Every structure is written in C-alpha cells, then in structure tokens.
Amino acid sequence: MVKERLISLDVFRGLTILLMTIVNNPGDWGNVYPPLLHASWHGCTPTDLVFPFFIFIMGIAVPLAMPDKFYDNTTFSKILIRSLRMLCLGIFFNFFEKIQLFGLEGIPLLIVRLAITIAVGYALMGSFSSKVENILAFSILFIYLYLAYSGIEAYHDVRLPGVLQRIAIVYFVVSLLYLKTTLKTQIITGAVLLLGYWGIMTLIPVPGIGAANLEKGTNLASWLDSILLKDHMYSATKTWDPEGILSTIPSIVNGIIGLLIGQFLQSESPKIKKALKMGRIGAGLIVLGLIWDLVFPINKSLWTSSYVLFTTGLATVFFTILYYLIDIADYKKGFKPFLIWGVNPMIVFFCSQIIPQALVMIQFRNPKNPEVQTNLLEFLYRFWIAPFFSNPMTASLAGALVYVGIWTFILWIFYRNKLIFKV
C-alpha cells in the first residue's frame, strides 16, 4: 500500500501549532485574553484544545506513515528511537535555562547555551544511521538523568515531564498497538484505559490525605507525582505536574482515537461517506464527553476521561470539515499558510521553547530609565509593539501575532527550499 499524504491533516496540524505559538508567546503574560489561557481547573478553553489535538493528529498519522502494517525488530527500533528523540528534545527545553559552565554569566553563558542547543538539536533531528541515532538518543537521555539526580545544585530541581515527553510516550504505545493488535483490541484498550482511570481517580483513597478527590494538589495523580517526580516537576505547580505520570495514561486514548480515524481513512469507502461517518463519530464523542463531565469533570491538568472524549470529538469534527473542504471539495485557496506550518512543526516547537529564554538572557539598561535593567524580549515588546495599542490585552495579542508573522516568513523559506525538520 502506498503512503497517503493528507493535505487536510497537514493543515490541521499547522492550525494547531500556530495556535500553540500564539498561546505560548503573548507580549505580556499579565494581559492575555481569557480564551488564550488554560482553564483555571475544571472546564475547557480553546487553549486547552491544543495539546490533545496534537496527540490526536499524531494518532491519525501513524497508520498513514506505516500503511503496510509490517512489524519486525527494525520497525520496533525505528519507533523506539523516534520516541526517545522526541523525549530528549522535550527534556532539553527544561535544561536550557539551567545550563551552567565555568561560572559564566550573561552573553558568554548565552553563547554556550545556544551552542549546546545547536549540538543537541542536530543530534536529535539530524539524519544518521539507525545505530548512531540509537547511541545519541540513549546517551543524551543518560546525561539528563545523571544531571537531574547527581546532586549538582544547578540541576537538582530541573523538570523532567513535559508536552513533547508525553507525545513521545503516546507515540510509542500507539504505534505498537497499531502494528501488533486488531481494531477491536485497540477499541477495548481505549475503553479500559478511560474507565480504569476514572475508577482510579474517584475510588482509590489518597495516601496521607484521605478520600479520593479531584481537587488541585490533593488528588491521587498529584500524590503519585510528588512521590516519583519529587523536585522534578513544573515550577508553577511545585507539588504536582500537569504532564505527570498517572494523567499520561488517559492521554494515550487521544492517540488511539486518532489511530482509529487514521485506519478508517485507509478503508475503501468513498471519501464523502468517510466524512459523514467521521462527523457523526465526532459529534458522538462530544456528547459522551459532556455527559461524563457531570460525574468526572472535563479537566486538562488531570486529563480526565471526559476531557479525552470531548477534545477528540472536537478534533474529529474540525478535521472532518478540513477533510471535506480540502480533500473532497478540492478547495485549497487560503490554506497555504497553515500548510507550511503543518509540514514543519518540530522546528517551530523546538525553537519557540528556546528563543524567548535566550532573549530574556540579553539584558541591558532600560533606555527610559537607566536605573533599571531590562531584557531584549521585554524591550522589543514595550517599545516596538505596546505603544501602538491602548488596550493592553490587544497589545499582548499583537506581540504574539508579530512572532507568528516572523515564523511564517521563516517557514515559507523552508517550504520553498523543501527543508523539513523531523525526529
């Protein structure tokens, strides 16, 4: 079977990575429109759709990338290496601001950090033989773990979980499920994971706290993170991690549902029938998610089972609309900007984590107040963008859109020169 390239899937990925870039790079974190922030706890905003949409898209892509469904040791090795490379890239984001060398500070330290970033990025996204890729991925992971648990002060609290780390785990599990199991087994696996997670979170008492609960910092997932990830969690939450251990289990189902959709797309049914059925599936998942929300609230940080169904339902509906417009109606006008984002998401994801941290390290005296230090990121926003807007939230959004514009130009150059960065 020949690999099928779905333009609608690339566009959907591009829209998702573009929204992620807007969400993650406001001009001013103190002034952000509510839809561009995560829900404080229970509930769901447009921002809360980005991560599950990525996992869903990745699930669809698995059978499209491996249409022959052939499994051997070589295939397993490729899946493992790709998963490890994604995992290592994700962890590096957390290490970047921790890197210290010979007591360097300021620009010299920034140069060292950027040099290491280029080296790690090349090692994990460059094209090498399978053996070399294997050695590099395992070596880098070993270095991370050594530094995190070595007792070295600079790395004693470095975060280990993260977005790309979770995607790597889900990719590994979903790829093996696809290659080694039937559709029926995949559906049963997804149902068991969602029901099992619901039972675990609502029935098992939390050690040292009491009855099972879904409150911030006192639930079972938080407790497990505090035991297994002690000192290596998200700094803003401290005692638990939004991409923690237990909540990774239901996220696998976002990938499984995407996997099921991807396999359905490979069927011999007419495209219009596929679109109609996917639309019904999406609507059904949304309804099931809202019903389950009544007893197991939609919550991104806990990645509740209702959140899985609700977000994959929305993802299926959005993808179906794009599939109809682009792959059935052949209406491609206006989608090119999103396409160029969608074929090169990894370089955006990687650099967008590093660039803001690098700009913050470039510090100098504030031109309007020499008594105060500022950094290049703040300077660019405060003096070049914010003065043009009276509403601080609009100014903050404009800052994000300027950043998106710069990346669009860069990605257009990559697209024109057929430069694709993959792990």
Side-chain angles (χ1 to χ4, degrees), residues 51 54-55 58 73-102 104 108-176 225 228-235 241 243-245 248 251 344-358 361 419-423:
F51 194 0
F54 268 126
I55 298 178
M58 181 267 294
N73 289 337
T74 300
T75 304
F76 175 80
S77 179
K78 288 181 179 178
I79 293 170
L80 177 61
I81 292 171
R82 189 173 187 221
S83 301
L84 284 174
R85 293 178 103 187
M86 283 193 283
L87 184 77
C88 288
L89 277 174
I91 296 177
F92 181 77
F93 302 149
N94 303 330
F95 268 89
F96 179 84
E97 66 176 356
K98 303 284 186 179
I99 295 172
Q100 299 292 334
L101 190 67
F102 306 131
L104 294 174
L109 178 59
L110 174 60
I111 292 172
V112 168
R113 289 180 178 178
L114 291 177
I116 293 174
T117 299
I118 293 170
V120 172
Y122 180 65
L124 297 174
M125 288 191 284
S127 181
F128 309 99
S129 67
S130 296
K131 183 178 180 180
V132 172
E133 289 180 354
N134 202 328
I135 292 172
L136 287 172
F138 274 103
S139 298
I140 291 172
L141 181 60
F142 173 79
I143 292 171
Y144 289 158
L145 295 177
Y146 170 76
L147 292 175
Y149 293 100
S150 64
I152 298 174
E153 180 64 24
Y155 310 106
H156 79 283
D157 61 350
V158 66
R159 186 188 183 203
L160 293 178
V163 171
L164 205 53
Q165 295 90 308
R166 176 169 284 182
I167 292 175
I169 293 168
V170 175
Y171 169 77
F172 180 77
V173 174
V174 167
S175 295
L176 294 184
D225 288 345
L228 300 181
L229 295 173
K230 185 178 180 181
D231 297 328
H232 297 290
M233 294 176 284
Y234 184 44
S235 60
D241 198 287
E243 278 78 55
I245 295 171
T248 296
S251 71
N344 238 330
M346 190 56 67
I347 191 67
V348 180
F349 197 96
F350 183 70
C351 292
S352 286
Q353 303 288 324
I354 301 300
I355 291 174
Q357 296 184 64
M361 288 186 65
L419 293 173
I420 307 292
F421 298 87
K422 297 181 179 180
V423 293

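Computed from a predicted model, the values in this text were never measured in an experiment. Just so it is clear, the values below take in all heavy atoms, side chains as well, and ignore hydrogens, waters and symmetry mates. Each residue takes its place number in the sequence, starting with 1.
Within the 4.5 Å cutoff, the side chain of Phe95 has no heavy atoms near those of the Val120 side chain. Taking 4.5 Å as the limit, every side-chain heavy atom of Lys422 sits out of range of all side-chain heavy atoms of Met125. The shortest side-chain heavy-atom distance between Phe102 and Val112 does not fall under the 4.5 Å cut-off. In this structure, the side chains of Cys88 and Tyr144 come closer than 4.5 Å at one or more pairs of heavy atoms. Side-chain contact between Ile167 and Phe51 is present, with heavy atoms from C-beta onward closer than 4.5 Å.
The backbone N or O of Val348 sits less than 3.5 Å from a side-chain atom of Ser352, completing a donor-acceptor pair. Here the side chain of Arg113 pairs no donor or acceptor atom with the backbone of Ala358 at under 3.5 angstrom. Asp231 places no side-chain N or O within 3.5 Å of a backbone atom of His156 that could act as its donor or acceptor partner. Remark: side-chain polar atoms of Ser150 are paired, donor with acceptor, to backbone N or O of Leu147 under 3.5 angstrom. Of the possible donor and acceptor atoms, one in the side chain of Asn94 sits under 3.5 Å from a partner among the backbone N and O of Pro161. Judged by distance alone, with hydrogens and angles left aside, the side-chain atoms of Asp241 form a donor-acceptor pair with the main-chain N or O of Tyr234 at under 3.5 Å. Panel note: side chain Asn344, backbone Leu419; a donor-acceptor pair is recorded below 3.5 Å.
To the nearest 0.5 angstrom, Leu164 atom CG is 5.0 Å from Met346 atom CE. The CD1 atom of Ile135 sits 12.0 Å away from atom CD1 of Ile140, with the distance rounded to the nearest 0.5 Å. Taken from CG in Leu160 to CG in Leu87, the straight-line distance is 9.0 Å, to the nearest 0.5 Å. Once rounded to the nearest 0.5 Å, the distance linking OG1 of Thr117 with CZ of Phe96 reads 4.5 Å. In this structure, Phe92 CZ and Leu141 CG are separated by 14.5 Å, a value rounded to the nearest 0.5 Å. Rounded to the nearest 0.5 angstrom, Ser139 OG and Asn134 CG are separated by 9.0 Å.
Checked against the 6.0 Å centroid threshold, Phe421 and Tyr122 do not count as a close aromatic pair. Ring to ring, Tyr146 and Tyr155 are not that close: their centroids are 6.0 angstrom or more apart.
Among all heavy-atom pairs drawn from Ile79 and Tyr171, the shortest one is O-CE2, 3.8 Å. What you find for Val158 and His232 is that their closest heavy atoms are O-ND1, 2.7 Å. Nearest heavy-atom pair across Leu124 and Arg85 is O-NE, 2.8 Å. Smallest separation of non-hydrogen atoms from Ser83 and Phe172: OG-CB, 3.3 Å. The nearest pair of heavy atoms linking Leu136 to Ala123 is CD1-O, 3.7 Å. Between Met86 and Ala168, the shortest heavy-atom distance links the atoms CB-CB, 3.7 Å.
Salt bridge annotation for Arg159-Glu243: present, with a cationic side-chain nitrogen under 4.0 angstrom from a carboxylate oxygen. A salt bridge links Asp157 and Lys98; the closest N-O separation between the charged side-chain nitrogens and carboxylate oxygens is under 4.0 Å.
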> Going through the distances and angles, do Leu114 and Ile354 end up as a side chain to side chain contact (heavy atoms under 4.5 Å, CB included)?
Replying inline: CA-CA 9 Å; Leu114 291 177; Ile354 301 300; 4.3 Å; yes
